[in-house]
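Worksheet: the structure to be examined is printed underneath.
Here the structure is a predicted model, which means the values were calculated and not measured. We count ligands from 1, going down the list as the structure has it; atoms in each ligand are counted the same way. Only this structure's heavy atoms are used, side chains among them; waters, hydrogens and symmetry mates stay out.
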Amino acid sequence: MLQFKLVLLGDSSVGKSSIVHRFVKDSFDELRESTIGAAFLAQTIKIKDTETQEDIDIKFEIWDTAGQERYKSLAPMYYRNANAALVVYDLTQKNSLSKAMSWVDELKSKVGDEDLVIYLVGNKLDLCDNVENRGGKEQEEEENKRVVTTQEADSYAKDQGLLFAEISAKTGQGVKEVFQTIGEKLYEIKKPELLAKKNREYGRNSSEAVDINIQRPNTNDPTSCCS
Ligand SMILES: Nc1nc2c(ncn2[C@@H]2O[C@H](COP(=O)(O)OP(=O)(O)OP(=O)(O)O)[C@@H](O)[C@H]2O)c(=O)[nH]1
């Protein structure tokens, strides 16, 4: 089992806790209370090694931080040593994207982007113009609350080298896929290190085996095969 530390960052009310609860408990609460400090949850998923088709268990240790400004100074405690960060904004709140961008800047300057997988996530897709969750066109025009375009966030993410997705914690659309992609990405990054470790262990074990063979020949021992 591989373990990875994951942190969620983003403005208050963008839906960080709702995303985590959808992922871990497959539930949604319209009246979720704002997080105080931070919350911790864990969840294990399976991914496949694309070469060997072997199932790999990945355990995520998830730190859901509080988005309210008064808790901002606590964030470094949670993103330090993180393997991945979900930087969340609300597709219906323009300011939340600027806030997400400033989290990305902070992560890049404090953690370094080669050590961290950063996923930019636009939440509340159910309130937007995605046809999958819509009935007729009239309803779509009436209820579309989107203020951040896909193109705007996507080109920012590409520019910054971030993964990017639009999801809904309410309907669950895209949520599992985000965590699955993070798991696959982290495994891909970790795999050379795991292989090197395996090889080192194999080398150690095989040299022990060689040592034993070298000591074994004993000309006085009639059971010795190799004298
Ligand atoms: N329509 C809709 N509402 C959502 C979605 N995700 C979250 N919400 C609602 O948005 C509000 C805030 O959600 P939270 O998950 O508490 O947001 P948060 O980012 O954890 O907020 P803080 O704890 O203050 O940082 C709640 O009323 C949720 O029910 C979504 O995908 N669609």
(Q) Please list, in number order, the atoms of ligand 1 under 4.0 Å from a heavy atom of Ser168. (A) 31 (O)
Q) Looking only at protein heavy atoms, which one is nearest to atom 24 (O) of ligand 1, and how far off is it? A) Ser34 OG, 2.5 Å
(Q) Quick check: Leu125 and ligand 1, any N/O pair under 3.5 Å apart? (A) no
Q: Look at the rings of Phe164 and Tyr89 and say which category their plane angle falls in: under 30° parallel, 30 to 60° tilted, over 60° perpendicular.
A: parallel
(Q) Please list, in number order, the atoms of ligand 1 under 4.0 Å from a heavy atom of Gly67. (A) 22 (P), 25 (O)
Q: Could you check which of Ile36, Asp29, Asn123 puts a non-hydrogen atom nearest to atom 29 (O) of ligand 1?
A: Asp29
Q: For residues Lys5 and Asn81, report the shortest heavy-atom separation together with the two atoms involved.
A: CD-O, 3.8 Å
(Q) Under a 3.5 Å threshold, yes or no: a donor from one side chain and an acceptor from the other, between Asp126 and Thr171? (A) no
Q. Between Phe60 and Phe4, what is the ring plane arrangement, given parallel below 30°, perpendicular above 60°, and tilted in between?
A. tilted
(Q) Under 4.0 Å from a heavy atom of Phe28: which atoms of ligand 1 are those, numbered in the order shown and with their elements? (A) 3 (N), 4 (C), 5 (C), 6 (N), 7 (C), 8 (N), 29 (O)
**Q.** Closest protein heavy atom (residue, atom, distance) for atom 1 (N) of ligand 1
**A.** Asp126 OD2, 2.9 Å
(Q) Out of all atoms in ligand 1, which are within 4.0 Å of some heavy atom of Arg32? Include the element for each. (A) 15 (O), 16 (O)
Q. Can you tell which part of Thr35 has a heavy atom less than 4.0 Å from ligand 1: side chain, backbone, both or neither?
A. both
Q. Taking only heavy atoms of Leu127, which atoms of ligand 1 are found under 4.0 Å from at least one of them?
A. 1 (N)
Q. What residue and heavy atom of the protein are closest to atom 31 (O) of ligand 1, and at what distance?
A. Ala169 N, 2.9 Å
Q) Looking only at heavy atoms, which two atoms of Gln93 and Val147 are closest? And how far apart? A) N-CG2, 3.5 Å
Q: Nearest 0.5 Å please: distance from the NZ atom of Lys16 over to the CG atom of Leu9.
A: 8.0 Å
Q: Answer yes or no: is there an ion pair linking Glu166 with Arg146, defined by an N-O contact shorter than 4.0 Å?
A: yes
(Q) Between Ile19 and Phe28, is there shared hydrophobic-cluster membership here, with clusters defined by ILVMFWY side-chain heavy atoms closer than 4.5 Å? (A) no
Q. For ligand 1, is Gly10 a contact, meaning one of its heavy atoms is under 4.0 Å away?
A. no
Q: May I ask you to check whether Ser17 has an N/O atom sitting below 3.5 Å from an N/O atom of ligand 1?
A: yes
Q: For the pair Asp49 (side chain) and Thr52 (backbone), establish whether a donor and an acceptor sit closer than 3.5 Å, ignoring hydrogens and angles.
A: yes
Q) Considering only protein heavy atoms, which is closest to atom 18 (P) of ligand 1, and at what distance to one decimal place? A) Lys16 N, 3.5 Å
**Q.** Pairing of Glu30 and Lys170 as salt bridge, 4.0 angstrom limit
**A.** yes
**Q.** Protein heavy atom at shortest distance from atom 10 (O) of ligand 1
**A.** Lys124 NZ, 3.1 Å
Q: Assess Asp11 for proximity to ligand 1: is some non-hydrogen atom of it under 4.0 Å away?
A: yes
Q.
Closer than 4.0 angstrom, basic N to acidic O: yes or no for Lys191 and Glu184?
A. no
Q: Can you pull out the closest protein heavy atom to atom 21 (O) of ligand 1? Residue, atom name and distance to 0.1 Å, please.
A: Ser13 N, 2.9 Å
Q: Specify the protein heavy atom at minimum distance from atom 27 (O) of ligand 1: its residue, its atom name, and the distance to 0.1 Å.
A: Glu30 O, 2.8 Å
Q) Should Gly15 be counted as touching ligand 1, given the test is an N or O pair under 3.5 Å? A) yes
Q. So, Glu106 and Lys72, do they make that salt bridge, N to O below 4.0 Å?
A. yes
Q) Which one of Ala66, Ser96, Ser12, Ser18 has a non-hydrogen atom at the shortest distance from atom 28 (C) of ligand 1? A) Ser18
